[in-house]
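For reference, the structure discussed in these notes is given below.
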Amino acid sequence: MMTQTLGRVRGRKQTGIIRLSDFTGGEASIFPILNMNPKYSMVLQNCHVSERGTIAKIPGYVKVNTTSCGQTLLNGFEFKRANGTTVILNAGGGKIFSGIGASLTEVHTGLDNSAKGRFVAMNDTCIFKNGVNASLVSTDGTTWTTLGGSPPATAFKAIVHKGRVWMIERTNKMLATHSSLNNPAEYTGGTSGYIDFKYVLKTGDELLDLFTYVDLIVFCFRNHIVIYSGTTPSGTGADFAIVQKIEGCGVVGTDTIQGLGTDNAFLYDSGIKSLRQVVTTGNLNLDDISSNIDPTLRALISGATSFASAHYPRYGWYIIKIGSNIFIYDYVHKAWGRVTGTDIQGMFTTTSGTLYLTGTNFLYQYDSGFTWAGTNPAMRWDLAYLPLSKRGEKIYPTMAEIVFYPHEPTTATMSYAYDVQNFNTTYQEILATTPTDFYYIDDVTDWDAIDPFDAIPYDPVKVMMRGGGRTIQLRFENTSDKLVEVADIALLYNKGGF
């Protein structure tokens, strides 16, 4: 916050300006409400810290299939075949669907209706498992048969690491089974094998997830993380060795781990940690990337039974779904925000960076327009409580000046409340977010009639304010299909009286 006093008037009153231009802290719930740096926000709902540091509504999504598939899609996957073609696969409601056309093609049925299926690909082969039914295999994404080679009967998650498929299962929660080298259909005999973690960990635990990090394979339990290096895990020439074993920290469920460049993020029972920092330092106190909203996350984690996550590199986002609650972490600004009102059940990113969202009856593609497939999202930005006076005097704001970046015309509602009171319509204004002399490019029909020297890119929106107090909180809201972006706020005030 930067405060600039313009001058004095006669008597005891003073006039000044409070200017707010740094909003890059994101949503926070860890600070005392009357002692929060104004760069943080109390609520960032369906909006985020943009690439240029403004607060902007987040992009929306559109339906991929316009005809309902009749099932709730829980997960999806990009299967890249050796012939160069790509198949988008989705699973839910006991079925597997293929394609991204107006209608999703139903290619396999008869699976458990509620189990979440997951895919993995190796050597032009795609494997599906859900922890209940026998694992399936396909070479084209259309024809699915039972996977041979005796994989774990209740395998629910698999990854590929150094030429082998690794699976974890529901039956033996301390076992990780691997295939033979370069053979995703052989789990007994050959060079296949397993790691039984009851001989590795001091106490029992539950293996919930696994992933590859650089040249390491990482096994994530509920209360442990075990990291191995090596190429041959068992048998002749075995060279697998434990690099690090971390106790007292693990994941709360499957599907929360995402690689973020050189880092990895995962959800544990008190927030979100960075694996790179954990592995490098071994100090669990220095790697919490969600410290600003840990109280919020802890309340949600305790009751959640399902999770999903994705990495969206276009904006530098880690997206995490905890039960029905979705949060976005902008790792460029280290800022958090939340997403509400959506039909998102799962999410996955392709190798080209496209983000797909799975939902009820439909597959969605993200970053198109500013609606949830036709439904206008409710954007809400609650700023931090702003102390108006360090000495306790009452301050009387007389005018607010808000700078909006120009986009398609719409309106935003600005509300304000004094001294930790509830917002009400007494202190509420409807603001036009686009100046009257702004030229929207799609509406220009005669460019010769445009004088660019008479136009300005934006005009500050000025609004008269009423009331007064020792602290003030601002709220901006918009429910529309238009982009709203706030760049700067200034409050003109009078000071005086107790």
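Of the possible polar contacts, none joining the Glu477 side chain to the Thr413 backbone as a donor-acceptor pair under 3.5 Å is found. Looking only at distances, no side-chain donor or acceptor of Thr254 sits under 3.5 Å from a matching main-chain atom of Asp209. A donor-acceptor pair under 3.5 Å is absent between the side-chain atoms of Lys157 and the main chain of Leu208, judged by distance alone. Judged purely by atom type and a 3.5 angstrom limit, Ser138 uses its side chain to pair as donor or acceptor with the backbone of Thr143. The backbone N or O of Ala82 lies less than 3.5 Å from a partner atom in the side chain of Asp124, making a donor-acceptor pair.
Not counting sequence neighbours, the partners of Asn133 by the side chain to side chain contact (heavy atoms under 4.5 Å, CB included) test are Leu111, Asp112, Asn130. In terms of the salt bridge (Lys or Arg N to Asp or Glu O under 4.0 Å) criterion, residue partners of Arg118 (sequence neighbours excluded) are, by chain and number, Asp255. Not counting sequence neighbours, the partners of Tyr194 by the side chain to side chain contact (heavy atoms under 4.5 Å, CB included) test are Leu175, Thr177, Asp196. For Tyr331, the ring pair (Phe, Tyr, Trp, His ring centres under 6.0 Å) partners at least two apart in sequence or on another chain are His311. With sequence neighbours excluded, the residues that form a ring pair (Phe, Tyr, Trp, His ring centres under 6.0 Å) with Phe221 are Phe197. When the side chain to side chain contact (heavy atoms under 4.5 Å, CB included) test is applied to Leu74, the partners found at least two apart in sequence or on another chain are Thr72, Lys116, Gln345. Here Phe97 pairs with nothing under the ring pair (Phe, Tyr, Trp, His ring centres under 6.0 Å) rule; sequence neighbours left out. Residues passing the salt bridge (Lys or Arg N to Asp or Glu O under 4.0 Å) test with Asp382 are Arg380, Arg475, sequence neighbours excluded. Take Tyr329 and apply the ring pair (Phe, Tyr, Trp, His ring centres under 6.0 Å) test, not counting sequence neighbours, and it matches Trp336. Shown here are the side chain to side chain contact (heavy atoms under 4.5 Å, CB included) partners of Lys162, two or more places apart in sequence or in another chain: Asp215, Thr231.
Sorted by first and then second residue, the salt bridge (charged side-chain N to carboxylate O under 4.0 Å, His left out) pairs involving residues 317-331 (not counting sequence neighbours) form an empty list. Residues in residues 84-95 take part in these side-chain hydrogen bond (donor to acceptor under 3.5 Å, both in side chains) pairs, two or more places apart or across chains: Lys80-Thr86, Asn83-Thr85, Lys95-Glu106.
Ring centroids of Phe79 and Phe119 are separated by 6.0 Å or more, keeping the two rings apart. Aromatic ring centres of Phe219 and Trp166 lie closer together than 6.0 Å.
In this structure, Arg314 forms no cation-pi arrangement with Tyr366, as its terminal cationic atom is not both closer than 6.0 Å to the ring centre and no more than 45° off the ring axis.
Between the side chains of Asn65 and Thr67, no donor N or O sits under 3.5 Å from an acceptor N or O. Between the side chains of Glu485 and Thr54, a donor-acceptor pair is found at a separation under 3.5 Å. Side chains of Thr171 and Thr154: a donor on one and an acceptor on the other come within 3.5 Å.
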Pair Gln428, Ser415 - check side chain to side chain donor-acceptor pair (under 3.5 Å), show working.
CA-CA 4 Å; Gln428 189 176 84; Ser415 305; 3.2 Å; yes

Test side chain to side chain donor-acceptor pair (under 3.5 Å) on Asn46 and Thr340 and set out the steps.
CA-CA 6 Å; Asn46 297 328; Thr340 64; 3.2 Å; yes

Using side chain to side chain donor-acceptor pair (under 3.5 Å), reason through Asp288 and Ser290 one step at a time and then give a plain yes or no.
CA-CA 5 Å; Asp288 192 339; Ser290 63; 2.9 Å; yes

Evaluation steps, side chain to side chain donor-acceptor pair (under 3.5 Å), between Ser480 and Asn478
CA-CA 6 Å; Ser480 74; Asn478 170 271; 2.8 Å; yes

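The 12-atom threshold is not exceeded at NZ of Lys198, counting heavy atoms of other residues, nucleotides or ligands nearer than 6.0 Å.
Taken from CH2 in Trp381 to CZ in Phe23, the straight-line distance is 4.0 Å, to the nearest 0.5 Å. Distance CD1/Ile322 to OG1/Thr256: 9.0 Å, rounded to 0.5 Å. Atom OG1 of residue Thr105 and atom CD1 of residue Ile88 lie 13.0 Å apart, to the nearest 0.5 angstrom.
Gly141 approaches Leu89 most closely through the heavy-atom pair O-CD2, 3.5 Å.
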